Each structure stands twice: as C-alpha cells, then as structure tokens.
Amino acid sequence: AMYELDGETWAQVAALRLPQEAAEITALAATPGRLLASAAGGGAYHWPLLGGRPMDEAPTHDAAEGAGRSWLGACAHDDGRVIRLASSWRRARGGAQELRSELLV
C-alpha cells in the first residue's frame, strides 16, 4: 500500500499488488515517474507514477539475467530501463578469487 501524510495522520492512497510468484522483495526505489521493487533473484517490478501515485495496480516485471551474481539493488532510469548493482566472484591474475562489483544497465 502507498500512504500520504494528511495533516497528522497517514491516509492510504493506493494499493499495489505483486504477482503471487514474485520473489522476496529486497529494496524499494522511487523516481518522480516510477516506483521499483527489487527482488532477491535480480528481477524488478515497477509501476509508472503520475503525481506521485501509481497509474496501474499491477506492476511490469523486468527479469534479470546472469547466474552466479549476488543482486544488491536496482533503480529505475528516466527512460524506463532498470539499472542493477550486483557482485560476483571472478578469478584474478594468478588464480586468486576476487569479488567484483558490477553495474548492469
């Protein structure tokens, strides 16, 4: 649900629904035009906003690709793309393992 401060109390202004099969939500991000919920598996669910309120009850799902990544968060770009932050283990020179951060657009 989305709430708005109305004087001294919070009033519900919208109800948002995730599909039943949606993964665990790990983070929320908002821009003036979009609300985004990041899922544990790297996927994202987003709703377009108008005047700070969702235009649709059901979200658009944006799946992520890339096995072996730990998904850390996501945000919505103004053009509608989802930008994700992830990390993964890579073999460095000399054979040692190193943790690398990745920004996926």
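Any value given below was found using the heavy atoms of this structure, including those in side chains, with hydrogens, waters and symmetry copies removed. Keep in mind it's a predicted model, so treat the numbers as computed, not measured.
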Look only at the side chain of R81 and the backbone of V105, and say whether a donor-acceptor pair between them is shorter than 3.5 Å.
-> no

Path from M2 to I25 over hydrophobic side-chain contacts below 4.5 Å = yes

Minimum heavy-atom distance L18-W47, with the two atoms named = CD2-CH2, 3.8 Å

Correct closest heavy-atom pair for R17 and P59 would be O-CD, 3.0 Å

Would a hydrophobic clustering, with Ile, Leu, Val, Met, Phe, Trp and Tyr connected at side-chain separations under 4.5 Å, put L28 with L72?
-> no

Taking every heavy atom of W71 against every heavy atom of A86, the minimum-distance pair comes out as CE3-CB, 3.8 Å

Could you please spell out the steps behind the side chain to side chain contact (heavy atoms under 4.5 Å, CB included) verdict for V82 and H46?
-> CA-CA 9 Å; V82 176; H46 47 102; 4.1 Å; yes

Salt bridge check: are R100 and E102 linked by an N-O gap of less than 4.0 Å?
-> no

Path from L16 to L49 over hydrophobic side-chain contacts below 4.5 Å = yes

Verify side chain to side chain contact (heavy atoms under 4.5 Å, CB included) between R90 and Q97, making sure each step is shown before the conclusion.
-> CA-CA 6 Å; R90 304 277 190 216; Q97 292 281 335; 5.8 Å; no

Over all heavy atoms of both residues, which pair between A14 and P54 is shortest? Give the atoms and the distance, please.
-> CB-CG, 3.5 Å

Kindly compute the distance separating NE2 (H77) from OG1 (T31), expressed to the nearest 0.5 Å.
-> 10.5 Å

What heavy-atom pair brings G41 and A64 nearest, and what distance separates the two atoms?
-> O-CB, 4.3 Å

P48 and R34: which non-hydrogen atoms are nearest, and at how many Å?
-> N-NH1, 4.3 Å

